[in-house]
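Take this structure first; my questions come after.
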Amino acid sequence: MKTFLNLRALMLTLGMTALAAQAQESFKIGLILPMTGQQATTGKQIEAAARLFMAQNGDKVAGRKVELIIKDDGGIPDAAKRIAQELVVNDKVGVLGGFGLTPLALATAPIATQSKTPMVVMAAATSIITEASPFIVRTSFTLAQCSVAMGDWAPKNGIKRVVTLVSDYGPGIDAERFFKERMLLNSGQVIESLRVPLRNPDFAPFLQKVRDLKPDALFVFVPSGAGAAVMKQFLERGMDKAGIKLIGTGDLTDDDQLNDMGEGALGVVTSHHYSAVHPSAVNKKFVDAFKKANNGMRPNFMAVGGYDGMRVIYEALKNTKGGQGGGEALLAAMKGQIFESPRGQIFIDAQTRDIVQNIYLRRVEKKDGELYNVEFDVIKEVKDPGKTK
Ligand code: DHB
């Protein structure tokens with residue numbers, strides 16, 4: 001009897017120790033970001049946003065400490081995959097996040113599936129990404145969402161003959177395809193489709209070709225960080241003066257670079273899900289806090305993807321009492337989330353795990369001495385038009 005009681009006491013102590021250990025063990029979020037290389041500004045924006053979110057919301061959720069681990073993939077898919085493996089196996093992260101480029105997200109998807117670790121895509125924007133693993137949830141956007149909006153707007157606003165110029169990989173191909181489909185549907189024309197390499201692009205020969213073709217407009221998709229180079233060369237060639245309009249997805253007039261693009265950018269119309277001057281109280285608070293914490297740096301759409309991604313993770317942690325039930329429970333708690341983001345109302349579609357959000361038409365204007373993408377129209381609650389199932 002005595003032995004039995006002792007055994008019970010021992011088991012109780014052991015059990016309590018295990019519980020206490022679990023409560024003390026931090027929940028780790030592993031963000032894999034391009035902190036160096038061509039996409040370094042994407043990493044910088046998302047890191048700043050994630051740190052701001054934690055500064056505002058604390059580093060404890062449901063009594064469990066949250067730890068952020070940030071790793072640099074340099075924009076290299078093999079590196080992203082290897083880092084994901086290390087984060088899951090060695091660091092035992094509960095969630096993976098980040099993914100600054102489509103190939104980085106696609107390379108990592110099998111790790112999320114095999115380890116049943118939710119993977120929050122905060123930047124990459126090719127439609128197929130969410131189909132690469134049932135553990136992927138997206139808080140960025142898709143090029144299909146934005147390009148359909150522009151393919152509807154342009155032909156209804158006197159832009160009938162267009163040349164497209166896109167980076168030659170996933171999101172660029174999506175942008176080209178969905179823009180063209182909608183142009184044709186609206187009795188517009190795409191007279192030429194040009195693709196420029198993702199790595200170290202030289203836009204000059206492509207722009208020369210566009211000048212010779214004299215379309216009503218040039219539609220551009222380039223990833224975040226490349227827009228200023230396109231704008232500079234477009235203006236240097238006097239293409240605006242030759243009567244060719246510049247349009248595109250909002251990656252072109254990225255808030256991270258827009259203010260340095262000069263007055264030549266005035267009037268450029270783009271379609272996107274986020275502008276730093278989106279007129280809402282939530283956004284104003286976000287932009288002010290972000291600038292204050294980052295030496296005046298203006299947040300761009302990457303920052304918002306990171307900020308909202310952290311919120312999705314925090315809410316899932318709350319709803320699973322600190323991550324109880326593991327990756328599958330966390331994933332279930334991410335699906336169907338709905339809240340007001342700095343970009344407006346957003347929704348994580350439980351079926352597709354992709355984001356449903358407003359897409360805005362915006363024009364570059366000067367406000368208080370700075371260049372901004374000023375929203376003038378909205379298409380509400382846009383689901384990704386690029387899903388294959
Ligand atoms: C992707 C990267 C970007 O920087 C961007 O603006 C849009 C899409 C991507 O690789 O998916």
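The shown structure was predicted, so the numbers you read here are calculated from the model rather than taken from an experiment. Counting from 1, the numbers follow the sequence of the chain as shown. Each ligand, and each atom within it, is numbered from 1 in the order the structure gives.
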>> Below the 3.5 angstrom mark, is there an N/O of Y169, backbone or side chain, next to an N/O of ligand 1?
In response: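 Yes; the residue has a nitrogen or oxygen that sits under 3.5 Å from a nitrogen or oxygen of the ligand.
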
>> Under a 4.0 angstrom heavy-atom cut-off, which atoms of ligand 1 come close to G100?
In response: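 Near G100, meaning under 4.0 Å from one of its heavy atoms, ligand 1 has 2 (C).
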
>> Whether the Y274 and D255 side chains hold a donor-acceptor pair (N or O, under 3.5 Å, no angle test) is what I'd like checked.
In response: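 The criterion, which ignores hydrogens and geometry beyond distance, is not satisfied for D255 and Y274.
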
>> Check this for me, if you would: do E86 and K71 make a salt bridge, where the nitrogen-to-carboxylate-oxygen distance has to be below 4.0 angstrom?
In response: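 The answer is no: the pair does not qualify as a salt bridge.
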
> Short list, please: which atoms of ligand 1 are under 4.0 Å from a heavy atom of M302?
Replying inline: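 Near M302, the atoms of ligand 1 are 3 (C), 4 (O), 5 (C), 6 (O).
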
> Hey, does the side chain of N186 reach the backbone of G188 with a donor-acceptor pair shorter than 3.5 angstrom?
Replying inline: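 Judged by distance alone, no pair lies under 3.5 Å.
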
>> Using a 4.0 Å heavy-atom cut-off, which part of D251 comes near ligand 1: side chain, backbone, both, or neither?
In response: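 The answer is the side chain.
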
>> Could you work out, with ring pair (Phe, Tyr, Trp, His ring centres under 6.0 Å) as the rule, every residue matching F178, not counting sequence neighbours?
In response: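 Per chain and number, F178 pairs via ring pair (Phe, Tyr, Trp, His ring centres under 6.0 Å) with no residue.
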
>> Check E236 with K232, please: is the shortest side-chain N to carboxylate O separation under 4.0 Å?
In response: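 Result for this pair is yes, salt bridge flagged.
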
> For ligand 1, which atoms have a heavy atom of A124 less than 4.0 angstrom away?
Replying inline: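 Within the 4.0 Å cut-off of A124, ligand 1 contributes 9 (C), 11 (O).
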
> For ligand 1, which atoms have a heavy atom of S224 less than 4.0 angstrom away?
Replying inline: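 Under 4.0 Å from S224, ligand 1 has these atoms: 3 (C), 4 (O), 5 (C), 6 (O).
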
>> Within the 4.0 Å heavy-atom shell around P223, which atoms of ligand 1 are there?
In response: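 In order of numbering, the contacting atoms are 2 (C), 3 (C), 4 (O), 5 (C), 6 (O).
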
>> Check D308 with R343, please: is the shortest side-chain N to carboxylate O separation under 4.0 Å?
In response: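 Yes.
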
>> Out of all atoms in ligand 1, which are within 4.0 Å of some heavy atom of A125? Include the element for each.
In response: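 Checking each atom against A125, I get 8 (C), 9 (C), 11 (O).
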
> Any Lys/Arg nitrogen of D216 or K245 sitting under 4.0 Å from an Asp/Glu carboxylate oxygen of the other?
Replying inline: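 Salt bridge flag = no for K245 with D216.
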
> Among all residues two or more places apart in sequence or in another chain, which pass the side-chain hydrogen bond (donor to acceptor under 3.5 Å, both in side chains) test with T139?
Replying inline: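 Applying side-chain hydrogen bond (donor to acceptor under 3.5 Å, both in side chains) to T139 gives none.
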
>> At less than 4.0 angstrom from any non-hydrogen atom of F301, what atoms of ligand 1 do you find?
In response: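 Listed by number with element: 6 (O).
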
> What do we get for F221 next to ligand 1 when only non-hydrogen atoms under 4.0 Å count, side chain, backbone, both or neither?
Replying inline: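 The answer is the side chain.
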
> Should you measure from each heavy atom of T102, which atoms of ligand 1 turn up under 4.0 Å away?
Replying inline: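 The atoms of ligand 1 under 4.0 Å from a heavy atom of T102 are 9 (C), 10 (O), 11 (O).
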
